[in-house]
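Scroll down for the structure; my scribbles are underneath it.
Remember, it's a predicted structure, so these values are computed and weren't measured experimentally. Order of appearance sets the numbers: ligands from 1, and atoms from 1 within every ligand.
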Amino acid sequence: MLEIQNLNKHYGRKPALCVFSFTFKNGIYGLLGPNGAGKSTLMNIISGNLYGDRDSRLLWNGNDISLLGKAYRSNIGFMPQQQSVYENFTARRFLMYIAALKGIKTKEALNDTEKLLKTVELSDVADKKIGSFSGGMKQRILIAQALLGNPQLVLLDEPTAGLDPKQRVIIRNVVRELSESKIIIISTHIVSDIENIADCIIIMKQGQIIASGSVGELCQSVQGEEKTLENLYMMHFGSDISNS
Ligand SMILES: Nc1ncnc2c1ncn2[C@@H]1O[C@H](COP(=O)(O)OP(=O)(O)OP(=O)(O)O)[C@@H](O)[C@H]1O
Ligand SMILES: [Mg+2]
């Protein structure tokens, strides 16, 4: 369980997260919100790559993550929004390399690598250089690296950005199959990526949660239109041209 209590984050004087509080239990969480809402900032703080302001508290199974250090970080698999790949590495070598960085033992790394290549449907190109991959294939190898070591907390920041519908479906299926006994947080701008797989949707605006709940619960508030997540999103952001 991950508890976030009063998380504030400023970049200089500019607020990016404002008293963000939420408790994540096992399941799939979809983070929705326009550009600048604070999704990546939140993921970077959860992953330990950034710190919140002084009064913020993050608890992992009841313990402060700043005291847990490596014992917390070893539970995390993170796919950042802008992550570069090693173009000259083959897919297999890249996963083995990241596994080594994560401190995963060779035998487990070999097992995980083969299993994950299969999961993300890249086994047949495992020995091809990543530089020759399409955007969707690169995204999938980046998802695979996040899953090395079977982390309990998986953070995927816009894993489907720029992908065609078929690639998005592959990624959606990978996420769907992960969900047991894990916390999976996935940010996206594409409502259809998460509306059928997320147990809970969190809608963010200007660093705050403006709505959260299951798709069914959230869509109840849509008035005068079909009760879909897309209409809910438009209800909150449709008129906000600066954020479209
Ligand atoms: N390194 C930084 N320095 C200064 N301001 C930043 C930095 N990173 C983010 N911000 C600001 O913090 C706010 C939240 O940004 P963040 O990247 O977390 O949003 P986001 O929801 O991930 O947006 P997007 O959908 O575009 O990825 C924005 O106003 C952004 O300009
Ligand atoms: Mg972002």
Tabulated below should be the N or O atoms of ligand 1 paired with protein N or O atoms at under 3.5 Å; can you produce that?
residue  : atom   : partner : partner atom : Å
ligand 1 : 18 (O) : Thr41   : N            : 2.9
ligand 1 : 18 (O) : Thr41   : OG1          : 2.5
ligand 1 : 19 (O) : Gly38   : N            : 3.2
ligand 1 : 21 (O) : Ala37   : N            : 3.1
ligand 1 : 21 (O) : Gly38   : N            : 2.9
ligand 1 : 21 (O) : Lys39   : N            : 2.9
ligand 1 : 21 (O) : Lys39   : NZ           : 2.8
ligand 1 : 22 (O) : Ser40   : N            : 2.9
ligand 1 : 22 (O) : Ser40   : OG           : 2.8
ligand 1 : 23 (O) : Gly36   : N            : 2.8
ligand 1 : 25 (O) : Asn35   : ND2          : 3.3
ligand 1 : 25 (O) : Lys39   : NZ           : 2.7
ligand 1 : 25 (O) : Glu158  : OE2          : 3.4
ligand 1 : 25 (O) : His189  : NE2          : 2.9
ligand 1 : 26 (O) : Asn35   : ND2          : 2.8
ligand 1 : 27 (O) : Gln81   : OE1          : 2.9
ligand 1 : 27 (O) : Gln81   : NE2          : 2.9
ligand 1 : 27 (O) : Glu158  : OE2          : 3.4
ligand 1 : 29 (O) : Lys14   : NZ           : 3.1
ligand 1 : 31 (O) : Lys14   : NZ           : 3.1

>> Assess whether a salt bridge exists between Glu114 and Arg92, defined as any Lys/Arg side-chain N lying under 4.0 Å from an Asp/Glu carboxylate O.
In response: yes
> By residue and atom, what protein N/O/S atoms are less than 2.8 Å from the Mg ion (ligand 2)?
Replying inline: Ser40 OG, Gln81 OE1
>> Thr41 vs Asn44, test: side chain to side chain donor-acceptor pair (under 3.5 Å). Steps then yes/no.
In response: CA-CA 5 Å; Thr41 301; Asn44 278 309; 5.9 Å; no
> For Pro159 and Ile143, which heavy atoms make the closest approach, and how far apart are they?
Replying inline: CB-CD1, 3.9 Å
> Only one of Gln81, Glu158, Met204 forms a side chain to side chain contact (heavy atoms under 4.5 Å, CB included) with Ser187, so which one is it?
Replying inline: Glu158
Hey, can you pull the donor-acceptor pairs under 3.5 Å for the side chains in residues 207-225, sequence neighbours left out?
residue : atom : partner : partner atom : Å
Ser214  : OG   : Glu217  : N            : 3.1
Glu217  : OE1  : Ser214  : N            : 3.0
Ser221  : OG   : Leu218  : O            : 2.9

> Which residue pairs pass the salt bridge (Lys or Arg N to Asp or Glu O under 4.0 Å) test when at least one of the two sits in residues 7-17, sequence neighbours left out?
Replying inline: none
> Run the side chain to side chain donor-acceptor pair (under 3.5 Å) check on Ser181 and Asn26 step by step: do they pass?
Replying inline: CA-CA 6 Å; Ser181 68; Asn26 288 347; 5.3 Å; no
> Would you call Glu108 and Lys115 a salt bridge, taking side-chain N to carboxylate O under 4.0 Å as the test?
Replying inline: no
>> Given 3.5 Å as the limit, does a donor-acceptor pair link the side chain of Lys182 with the main chain of Pro151, or not?
In response: yes
